[in-house]
Amino acid sequence: MSAKREIDEVEEAVESGSVAKVAKTESNGSRKAKKPKRKASESEDENGVVSEADEEEDDKSDTEKDDDIPSVPVEIPEKEKGKVLGPEGTGILLICGGTNWDAAGRKTAPKGGKNFGPNLWSPHRFMPFAKIRVRLVASGPTSAHNIVVSEDGKAYSFGRNEKGQLGHGDELRRDTPLIIEAVKDEVIVGAACGRNHTLLLSVRGEVFSMGDNKNGQCGVKNSTQATVPTATSINYKGAPIVKVGCGGEFSIILDCKGAMHSFGLPEYGQLGHNTDGKYFVTSTKMGFHCEMAPKRIVFFIERTKDGKIKPVEVDEIRDFSCGTNHTCAIDSKKRLFSWGFGGIGRLGHAEQRDELVPRLIKFFDSQNRGVRGVWCGSSYSLAVNDFGVMYMFGQNKRTGEANMYPKPIQDLTGWNVRAVGVGNTSIVVAADDSVISWGPSPTSGELGLGETRKSSTTPLEVKSLDGIYVEQIACGMTHTLFIARDKSDEEKQNIESLEEYTPA
């Protein structure tokens, strides 16, 4: 079906039905992953889920209130009126993987870049933050740069900086984190990293951006600005923002009323505005009509078995995640929608069609199991349902069969997954009191499995993190950041037993 015909069908469906609503509420030496002590939910995988399954996760099932399971603080408590809540857990920063930032994802560093930085095959204490407790870490599947937010809300950045994505007013690589001066007086509670741009979220619900803006992914007022070298407030006037997300060259923000707004490159429909933005610059050259400022996503649809499009009414989006060129979002009814690039099944619709507006993933809806968490990697997506089962759709390997629709990850059956990091092809999860990782070769140490086991296509426990409780995980293109809890003396001793890493 041509993009034009699909756009017309969506518009007809919306006109014939009620326009999907958003924002109705008020703002207010490793070993294989061992089998856990408790059993997975009885009804976990008896609904016709095919074998070839990959993965699964465990959390308490909850069919009580929708408001009990938001992954982002959509509803703001009375005592915190006017504030956006950030992560609660704090701890010590750990790092593993490639630290040659200019060469990450490339054969070698480009001309003029620095070509140094070791591969850390197991988690190390990151010594520049040895005495600074950390509340938040952020990177992304296409990112070779990082944001670290200290316990008091100060934002630091380090890594690749070819487009000014570190926000220091220059394009110099930083191996040691440096505080971002433009927001040093702000309390930062959220962050996201794209290929060459960055978003920061303040406790007041204000969003700042920096880095590459050639496709409008920074969303600043001066839309002709090719790069944004320092953290600049985006061109948005509306309800306070509670979450930010970055794809490769696009951005999405979620406001406290549950409405999503997107901006940047629309090439595969990843902005959700019922267009891929394509036009001919010349008879042989294609261009894109990019969104240079945040624009609200208003259409949500489902496809019937006979291929017809029906509008879906959505009151509020609770959580979302951005991959390189696709996005998944959870609404207040725990339904999962996906849109953007559809290659190798990463949208979960059992077909490879690009979706130009958010489309309901029928797999979860038809099985009457709500989704409570979602994470998007480069070419795959992960989702956790109310029974704690983790599903994968798409492909994180370069060979083999792709999951065209959600399939459970059997090696995680019964585990209580608490935190997830998704990289280019690597996945790292904190489950119960363990850390589990997997990803195909080649790797740079981001799995943390040690130099004798650099990669694994099946989930393995990260043995070097035994006894260390990981609060948060962020995966970049070839590296992983952890926040390790240090409340007790035993936890501190276990952390101190890890090797140290001090950038050159």
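Just so you know, these numbers come straight off a predicted model, no measurement behind them.
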Smallest separation among heavy atoms of H261 and D255, with atom names: NE2-OD2, 3.0 Å
Closest non-hydrogen atom pair between I473 and A419, with its separation: CD1-O, 4.1 Å
Contact summary for C322 and T327, nearest pair of heavy atoms: SG-OG1, 4.0 Å
Working for side chain to side chain donor-acceptor pair (under 3.5 Å), residues S209 and H197: CA-CA 7 Å; S209 65; H197 75 292; over 6 Å; no
Any donor-acceptor pair under 3.5 Å from T478 side chain to S444 backbone: no
Sole residue of H145, R160, Q165 in side chain to side chain donor-acceptor pair (under 3.5 Å) with N196: Q165
Derivation of the side chain to side chain contact (heavy atoms under 4.5 Å, CB included) call for V189 and L136: CA-CA 7 Å; V189 295; L136 173 73; over 6 Å; no
Side-chain heavy-atom pair I241, Y236 within 4.5 angstrom cut-off: yes
K333, K334, R335 screened by salt bridge (Lys or Arg N to Asp or Glu O under 4.0 Å) with D386, the one that passes: K334
R133 CZ to S150 OG distance, which is reported to the nearest 0.5 Å: 11.0 Å
Donor-acceptor pair between D319 and S321 side chains, under 3.5 angstrom: no
Identified side-chain contact (heavy atoms from CB on, under 4.5 Å) counterpart of L254 within the set V244, L201, I317, I297: I317
Check: F482 and V435 side chains under 4.5 Å, non-hydrogen atoms: yes
Any H349 side-chain heavy atom under 4.5 Å of I361 side chain: yes
Heavy-atom pair of closest approach, residues P294 and G219: CD-O, 4.2 Å
Side chain D331, main chain E316, donor-acceptor under 3.5 Å: no
Heavy-atom check, side chain of H273 versus side chain of H289, under 4.5 Å: no
Inter-residue atom distance D276.CG - L265.CG, 0.5 Å rounding: 10.0 Å
Within-4.5 Å side-chain heavy-atom neighbours: Q217 and D212: yes
Between CG on residue N325 and CG on residue L271, distance to nearest 0.5 Å: 10.0 Å
Heavy-atom pair of closest approach, residues E291 and F263: O-CB, 3.5 Å
Aromatic ring proximity F393/F363, centre distance under 6.0 Å: no
Spatial distance of atom CD (Q472) from atom CD (E88) [nearest 0.5 Å]: 11.5 Å
OH (Y279) with more than 12 external heavy atoms under 6.0 Å: yes
Test item: C328 and S338 side chains (from C-beta on) under 4.5 Å apart, heavy atoms: yes
Spatial distance of atom CE (M292) from atom CG (N215) [nearest 0.5 Å]: 7.5 Å
Straight-line distance of I188 CD1 to L200 CG, nearest 0.5 Å: 5.0 Å
Steps toward side chain to side chain contact (heavy atoms under 4.5 Å, CB included) verdict (V148, F126): CA-CA 12 Å; V148 180; F126 194 52; 6.0 Å; no
SB check K163 E249 (cutoff 4.0 Å): no
Between H326 and Y268, ring centroids under 6.0 Å: no
F158 vs F129, ring pair (Phe, Tyr, Trp, His ring centres under 6.0 Å): CA-CA, chis, key distance, verdict: CA-CA 12 Å; F158 68 103; F129 269 77; 7.8 Å; no
Trace of the side chain to side chain contact (heavy atoms under 4.5 Å, CB included) decision for L93 with Y156: CA-CA 12 Å; L93 182 62; Y156 298 75; over 6 Å; no
Stepwise side chain to side chain contact (heavy atoms under 4.5 Å, CB included) check, Y380 with I427: CA-CA 10 Å; Y380 61 92; I427 301 169; 3.5 Å; yes
Sub-4.5 Å side-chain heavy-atom contact between N161 and D170: yes
Minimal non-hydrogen separation, V183 against A155, with atom names: CG2-CB, 4.5 Å
K407 NZ/CZ over Y405 ring centroid, <6.0 Å and within 45° of normal: yes
Full working for salt bridge (charged side-chain N to carboxylate O under 4.0 Å, His left out) between E162 and R106: CA-CA 14 Å; E162 294 170 355; R106 302 164 171 166; 2.8 Å; yes
Plane angle bin for H479 and W101 - parallel if under 30°, tilted between 30 and 60°, otherwise perpendicular: perpendicular
Student check: side-chain heavy atoms of L347 and R359 closer than 4.5 Å: no
